[in-house]
Colleague: 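I'd like to ask some things about the structure below.
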Amino acid sequence: MGTPLTLTVAEGVAFMNLIDGKPADALSGARIDVASPSDGKVFASIPASGAADVDLAVKSAYKAFHEGPWSRMPAVERGRCVTRLFHLVEKHGEELAALESRDTGKPARQGKADVTATMRYYEFYGGAADKIHGDTIPFLDGYTALTLREPHGVVAGIIPWNYPMQILARVAGAALAMGNTLVVKPAEDASLTTIRIAQLALEAGVPEGVFNVVTGYGRDAGAALSAHPLVDYVTFTGSPLTGTAIQQAAAINNRGVTMELGGKSPQIVFADADLDAALPVLVNAIIQNGGQTCSAGSRVLVEKPVYERVAAELAARFSKLVAGPHDADLDLGPLINEKQRDRVAGMVAAAKEAGVSVLAEGSVHADAPRGGYYQAPVLFGSVDPQAVIAQEEVFGPVLALFPFEGEEEAVRLANSTEFGLVASVWSKDGARQHRVAKRVRAGQVFVNGYGAGGGIELPFGGFKKSGHGREKGFEALYDMSATKTVVFNHQ
Ligand code: NAI
Ligand code: MG
């Protein structure tokens, strides 16, 4: 099964929270076992923090914001700290890739790709810190009016398990560049790289208390963090249901939120498309990270004249896909945990039972450890647009194909779910590219390409149930700050 990774993660490490620049266990002493999704075996543990731990972390971030040097530091100095973090991530890249890969089960090369993207976030936001500024506004005679971009204060980041290091980087990069302080609650299934990155941030010169990490379950640590009265802004990536709970909790204190809540993203393939270019991208957009990608291209809409050909070629590719342990670096790894594997397997079984036609299935490698959470890829064809598999996020290696006739139907189908995160248009017709890109309701539209999670420079976020607010790119700096208007009367 390929060459195993040479780097292994030390066994039995008891990872700690990072509060006020110091490692800290949960006050209760409770711990959560960390298992590798590849074999289900425990290899480390993290604190099972509760409300009291969150309170300490938030108070540390609050003090660091109001009393510490961070928010008053010249922007260029803050940017240099973030840039040093970029260099430290590069220096520790192999260790971080191995840790991420073992913790989440993602193939080794995806762990490495995640390190590359993480580096780019800190590089981009380190450089951007001193390039964002306010305006002067023409106002009444005898007055000068101007705006300042000010940090919110304490930002709470609740991070999911699919791309923990990358999603942390897009949150922390933008939040730190703007002068906020942070309390991060990583997912209970994938907290290890968050702890390491926060330690590296200290080494990079980010002052104590600016970047705190509290691990634990969502219902305990996550709920306490989103409802904490000293938190000024909450940013979350994960499921719509949890997003609603977090918004309700933040609403108690009337705090702002950014919500990135996944999708059911369509790729629209017109008959004139360059199919040779499209086919590998269509496969990768759903197989990358085992389909556990908010922006996974989970629906492929194909114009009727080429539907049979695309279906047959995708089927040929799907039947060759193999899932296996992270260190074997196959097409895909295991899913994150037993619950997610059972959920995906249940949705596949229900679709089969409902009569949705299976065009192809991949396989799980014969040598994959029995205790791992594997799911073979599945390609469904001629799916009813109202079917569960057409409407709900599966978050697994499951692709649904739909035939369509003409541009109108393509747009209608593309917009026929409650989500609106990413879409793509495959066509050589320039006018059509523009028309369809405008009419599809999605936060990002790719033409003759697809970026499942890529492009740290590109603003990213949802319409409809996919959420609100924008991350990535320069625009995230606006989400991570507020406008203050200052008016001088000098009559
Ligand atoms: P989740 O949305 O519940 O978990 C994400 C994060 O939220 C974790 O850090 C978790 O500890 C935290 N959390 C959970 N409940 C919370 C609460 N009440 N208050 C504050 N924080 C809380 O996702 P889950 O249950 O692990 O996965 C279920 C589904 O969510 C997946 O099948 C997938 O469809 C979707 N999902 C989407 C992601 C995306 O990138 N858009 C990422 C992860 C999951
Ligand atoms: Mg894990």
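Keep in mind that what you see is a predicted model, and the values were worked out from it rather than measured. Each ligand, and each atom within it, is numbered from 1 in the order the structure gives.
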Colleague: Name the closest protein heavy atom to atom 20 (C) of ligand 1, giving the residue it belongs to and the distance to 0.1 Å.
Modeller: Gly222 C, 3.1 Å
Colleague: Regarding His326 and Ser38, do their side chains bring together a donor and an acceptor under 3.5 Å, going by distance alone?
Modeller: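 Indeed, the side chains of His326 and Ser38 share at least one donor-acceptor pair under 3.5 Å.
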Colleague: With Arg343 as the cation and Phe395 as the aromatic partner, state whether NZ or CZ is under 6.0 Å from the six-membered ring centre and within 45° of the axis.
Modeller: no
Colleague: N/O to N/O below 3.5 Å, does that happen between Thr237 and ligand 1?
Modeller: no
Colleague: Can you list the steps and then say if Glu475 with Arg470 is a salt bridge (charged side-chain N to carboxylate O under 4.0 Å, His left out)?
Modeller: CA-CA 7 Å; Glu475 207 162 311; Arg470 291 293 177 265; 5.0 Å; no
Colleague: Would you mind checking which non-hydrogen protein atom is closest to atom 41 (N) of ligand 1, with the distance to 0.1 Å?
Modeller: Cys294 CB, 3.1 Å
Colleague: Under 4.0 Å from atom 4 (O) of ligand 1, can you find at least one protein heavy atom?
Modeller: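 Answer no: nothing from the protein, no heavy atom, is under 4.0 Å.
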Colleague: Among all protein heavy atoms in this structure, tell me which lies nearest to atom 7 (O) of ligand 1, with the distance rounded to 0.1 Å.
Modeller: Phe236 CE1, 3.3 Å
Colleague: Considering only heavy atoms of Glu188, which atoms of ligand 1 have at least one such atom less than 4.0 Å away?
Modeller: 10 (C), 11 (O)
Colleague: Report the C-alpha distance between Lys264 and Glu418 in whole Å, list the side-chain angles of each, state the deciding distance to 0.1 Å, and finish with yes or no for salt bridge (charged side-chain N to carboxylate O under 4.0 Å, His left out).
Modeller: CA-CA 8 Å; Lys264 193 74 189 173; Glu418 287 187 277; over 6 Å; no
Colleague: Give the numbers and elements of all ligand 1 atoms closer than 4.0 Å to a heavy atom of Glu393.
Modeller: 33 (C), 34 (O), 35 (C)
Colleague: Just wondering, do Leu202 and Glu208 contact through their side chains at under 4.5 Å, heavy atoms?
Modeller: yes
Colleague: Is a donor on one side and an acceptor on the other found under 3.5 Å between the side chain of Asp232 and the backbone of Val154?
Modeller: yes
Colleague: Quick one: angle Asp103 O - the Mg ion (ligand 2) - Asp189 O, to the nearest 10°?
Modeller: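 That angle is 110°.
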Colleague: Taking the six-membered ring of Phe124 as reference, does the cationic atom of Lys472 (NZ for Lys, CZ for Arg) lie under 6.0 Å from its centre and within 45° of its axis?
Modeller: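 No - Lys472 does not lie over the ring of Phe124 by the 6.0 Å and 45° rule.
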Colleague: Which protein heavy atom lies closest to atom 43 (C) of ligand 1, and at what distance to 0.1 Å?
Modeller: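 Checking every protein heavy atom, the shortest distance to atom 43 (C) of ligand 1 gives Pro160 CB, 3.7 Å.
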Colleague: If we ignore angles and hydrogens, is there a donor and acceptor under 3.5 Å between the side chains of Asn162 and Thr104?
Modeller: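 No.
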Colleague: Please work out whether any backbone atom (N, CA, C, O) or any side-chain heavy atom from C-beta onward of Ile159 is under 4.0 Å from ligand 1, and answer side chain, backbone, both or neither.
Modeller: backbone
Colleague: Which atoms of ligand 1 sit under 4.0 Å from any heavy atom of Ala187?
Modeller: 8 (C), 9 (O)
Colleague: Please verify the inter-ring angle class for His152 with Tyr233; under 30° counts as parallel, over 60° as perpendicular, anything in between as tilted.
Modeller: parallel
Colleague: Taking only heavy atoms of Ile246, which atoms of ligand 1 are found under 4.0 Å from at least one of them?
Modeller: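 So the atoms of ligand 1 that pass are 19 (N), 20 (C), 21 (N).
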Colleague: What part of Lys339, side chain, backbone, both or neither, has a heavy atom within less than 4.0 angstrom of ligand 1?
Modeller: side chain
Colleague: Heavy-atom distance under 4.5 Å between the side chains of Cys294 and Phe460, does that happen here?
Modeller: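 Side chain of Cys294 against side chain of Phe460, heavy atoms only: contact under 4.5 Å found.
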Colleague: Please determine if Gly218 has a nitrogen or oxygen closer than 3.5 Å to a nitrogen or oxygen of ligand 1.
Modeller: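 In this structure, Gly218 places an N or O atom under 3.5 Å from an N or O of ligand 1.
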Colleague: For atom 15 (N) of ligand 1, what is the nearest protein heavy atom, given as residue, atom name and distance?
Modeller: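 Ranked first by proximity to atom 15 (N) of ligand 1 is Thr242 CG2, 3.4 Å.
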Colleague: Out of all atoms in ligand 1, which are within 4.0 Å of some heavy atom of Gly262? Include the element for each.
Modeller: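 In order of number, 41 (N).
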Colleague: Identify the protein heavy atom lying closest to atom 32 (O) of ligand 1, giving its residue, its atom name and the separation to 0.1 Å.
Modeller: Gln340 NE2, 2.8 Å
Colleague: Would you give the length of the straight line joining atom OH of Tyr121 to atom OG1 of Thr116, rounded to the nearest 0.5 angstrom?
Modeller: 12.5 Å
Colleague: Below 4.0 Å from ligand 1: does a non-hydrogen atom of Arg343 turn up there or not?
Modeller: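 Yes.
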Colleague: Kindly determine whether Glu393 and Lys465 satisfy salt bridge (charged side-chain N to carboxylate O under 4.0 Å, His left out), including the steps that lead there.
Modeller: CA-CA 11 Å; Glu393 186 173 50; Lys465 202 177 178 175; over 6 Å; no
Colleague: Tell me, please, whether Tyr217 has Arg31 positioned over its six-membered ring: NZ or CZ under 6.0 Å from the ring centre and within 45 degrees of its axis?
Modeller: no
Colleague: What is the closest protein heavy atom to atom 38 (C) of ligand 1, and at what distance does it sit?
Modeller: Phe395 CZ, 3.3 Å
Colleague: In ligand 1, which numbered atoms sit nearer than 4.0 Å to a non-hydrogen atom of Asn162?
Modeller: 39 (C), 40 (O), 42 (C)
Colleague: Heavy-atom distances under 4.0 Å are what count here, so tell me which part of Trp161 touches ligand 1: side chain, backbone, both or neither.
Modeller: side chain
Colleague: May I ask you to check whether Ser239 has an N/O atom sitting below 3.5 Å from an N/O atom of ligand 1?
Modeller: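 N/O-N/O distance below 3.5 Å exists for this pair.
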